[in-house]
Amino acid sequence: MSTSISKSEPATLSEQDRALILATQNGLPLVPDPWGELGEQLNMSADQVLERFQAMQESGVIRRVAAVPNHYRLGYQFNGMTVWDVADDAIAELGERVGELPFVSHCYRRPRHLPYWSYNLFAMVHGTSRDEVENKAGKIADVLGEACSGHTILYSSAILKKTGLRLRKQTDKN
Amino acid sequence: MQLDAADKALIDSYQRGLPVCERPYQAMAQNLGLTENEVIRRLAALKEQKVLSRVGPVFEHSQAGASLLAAVAASPEQMDAAAARINLAPGVNHNYAREHRYNLWFVMTAADERTLKGRLDELEQQLGLPMLRLPMIEGYHIDLGFQIDWEALS
């Protein structure tokens, strides 16, 4: 299964879907019938809520419904954004292979901004120490081989803000 | 923070996705040999302890609007004020300090590309710092989590 996606046009969200997103961006109700509880808040039936969730998953608005771990809290206190300067003609194939490494949580191609920024492949790596992150970066370097002409690791020193998707109500969209 | 085998199994089995069915916690319970109430109690406790940041949907930003990763290089004296300004800007949902010349990295979101560009231009002007704009061109692997090495963590 490929997890590759290209940037696509946004789907059109109905008012009902927007309301569901707003109601669940901090999580589902932890009760036996979460859809029923959401339905009561939003004046929908449990079946309708479940059906909208399944439809939004199908259309890609929802990537997954999951128990999302806080890696930092689990002990992965080193978050390294590894960035790589990869030959343009090789990046599509190599990006896929880096993305498949079990320890890479995100892997994206982004534009260079020469002369300030020459890195076009981003792979996020987590570790319990800098050594562990560097070890994992070494494995990425092995995959990229000679197609890579430079890399660095940007460790996070502070999380200044982190929130999930925040939808504004349609009316205060500017 | 002490996690037992059932907590770890819950995380391992469901960090990439849980069943979107009529009684999701019951389906998870059956799979793990727990009761529905126990699954609910454990998920609530893990959330309370902030071991789980959320039990729920992960939305695809590009499907719900526009978003972009950006960075600026702030001097040590500018750092705090720049970080505060970024946090206050409409649409910013992540902001990380990183060890690099480009030391503030944030994700800006908006309902559409035009609004996004307007917000970035405005923030860039407020900051008085050139902004590195790094839209995603292609995603090879997106936020599906990674295998947790419990052994190494213990």
Side-chain angles (χ1 to χ4, degrees), chain A residues 3-8 10-11 13 21 24 26-28 30 32 34 50 53-54 57 60-70 73-75 81 95-96 98-99 102-111 113 116-117 128 154-167 173-174, chain B residues 1 10-11 14-18 20 22-26 36 40 43-44 47 50-66 69 83 87 92-100 105 109 111 115 132 134-148 152-153:
Chain A
T3 53
S4 172
I5 67 154
S6 289
K7 209 162 163 59
S8 54
L13 293 175
I21 291 174
T24 58
N26 292 323
L28 291 176
L30 292 170
L50 177 56
F53 256 81
Q54 288 166 339
Q57 216 172 2
V61 173
I62 295 176
R63 281 185 204 156
R64 62 190 160 127
V65 179
V68 182
N70 174 353
R73 184 89 173 102
L74 282 173
M81 185 170 77
E96 289 283 351
V98 171
F103 53 82
V104 170
S105 66
H106 308 49
C107 184
Y108 296 140
R109 180 179 183 183
R110 300 184 184 279
H113 287 276
Y116 309 105
W117 186 259
T128 55
L154 285 77
Y155 289 98
S156 73
S157 45
I159 300 172
L160 304 169
K161 185 170 189 180
K162 189 174 185 197
T163 54
L165 175 67
R166 289 284 178 262
L167 269 193
K173 192 164 95 181
N174 51 9
Chain B
M1 182 189 64
L10 266 173
I11 296 170
Y14 298 110
Q15 64 159 326
R16 290 183 168 82
L18 54 84
V20 180
E22 214 166 299
R23 296 284 287 266
Y25 308 121
Q26 190 181 59
E36 184 182 37
I40 289 173
L43 290 175
K47 210 176 144 178
K50 298 189 162 54
V51 169
L52 293 177
S53 57
R54 186 168 21 144
V55 179
V58 177
F59 295 102
E60 171 56 51
H61 292 222
S62 67
Q63 286 288 323
L69 174 71
N87 282 355
V92 170
N93 65 3
H94 282 65
N95 185 14
Y96 278 65
R98 293 192 179 275
E99 298 169 8
H100 190 266
W105 289 78
T109 64
T115 312
L132 203 55
L134 300 165
M136 179 184 93
I137 298 174
E138 186 92 35
Y140 301 112
H141 183 85
I142 298 182
D143 193 22
L144 293 173
F146 59 92
Q147 214 168 328
I148 290 165
L153 288 174

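From a predicted model like this one, the values you see are computed outputs, not experimental measurements. So you know, we letter chains A, B, ... as the sequences are listed, proteins then strands, and number each from 1.
Heavy atoms of A/T128 lying under 4.5 Å from chain B belong exclusively to its side chain. Contact annotation for B/E99: both backbone and side-chain heavy atoms come within less than 4.5 Å of a heavy atom of chain A. In this structure, chain B has a heavy atom under 4.5 Å from the backbone of A/F103, while its side chain stays farther away.
The side-chain contact (heavy atoms from CB on, under 4.5 Å) check on A/S156 picks up A/N79, B/Y96, B/R98, with sequence neighbours excluded. Partners of B/Y25 by ring-ring contact (aromatic ring centres under 6.0 Å, His included), not counting sequence neighbours: none found.
No side-chain donor-acceptor contact under 3.5 Å links A/K161 to the backbone of B/N95. A donor-acceptor contact shorter than 3.5 Å links the side chain of A/R64 to the backbone of B/Q15. A distance-only check finds a donor-acceptor pair linking the side chain of B/S53 to the backbone of A/V68 [under 3.5 Å].
Chain B forms the most heavy-atom pairs under 4.5 Å with one residue out of A/P111, A/P34, A/A66, and that residue is A/A66. Contacts with chain B were tallied for A/Y116, A/W117, A/F53; A/W117 has the most, counting heavy-atom pairs under 4.5 Å.
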* Take A/R110 and B/M136 through the side-chain contact (heavy atoms from CB on, under 4.5 Å) test and state the conclusion after the steps. => CA-CA 5 Å; A/R110 300 184 184 279; B/M136 179 184 93; 4.1 Å; yes
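Nearest heavy-atom pair, B/A97 versus A/L160, reported as atom, atom and distance to 0.1 Å: N-CD1, 4.0 Å. Across all their heavy atoms, A/L74 and B/V51 have their closest contact at CD2-CG1, 3.7 Å.
The neighbour count for A/Q54 CD, taken as heavy atoms of other residues, nucleotides or ligands under 6.0 Å away, is above 12.
Between B/L134 and A/Y108, the closest side-chain pair of non-hydrogen atoms is not below 4.5 Å. Annotation: side chain of A/P32 is not in contact with side chain of B/Q26 (no heavy-atom distance under 4.5 Å).
One distance of note links CG of B/L18 with CG of A/L28; it measures 7.0 Å at 0.5 Å rounding. One distance of note links CG of A/L154 with CH2 of B/W105; it measures 5.5 Å at 0.5 Å rounding. B/R54 contributes atom CZ, which lies 11.5 Å from atom CG of A/N70 (distance to the nearest 0.5 angstrom). In this structure, the separation between CG on A/L50 and CZ on B/R23 is 12.5 Å, given to the nearest 0.5 Å.
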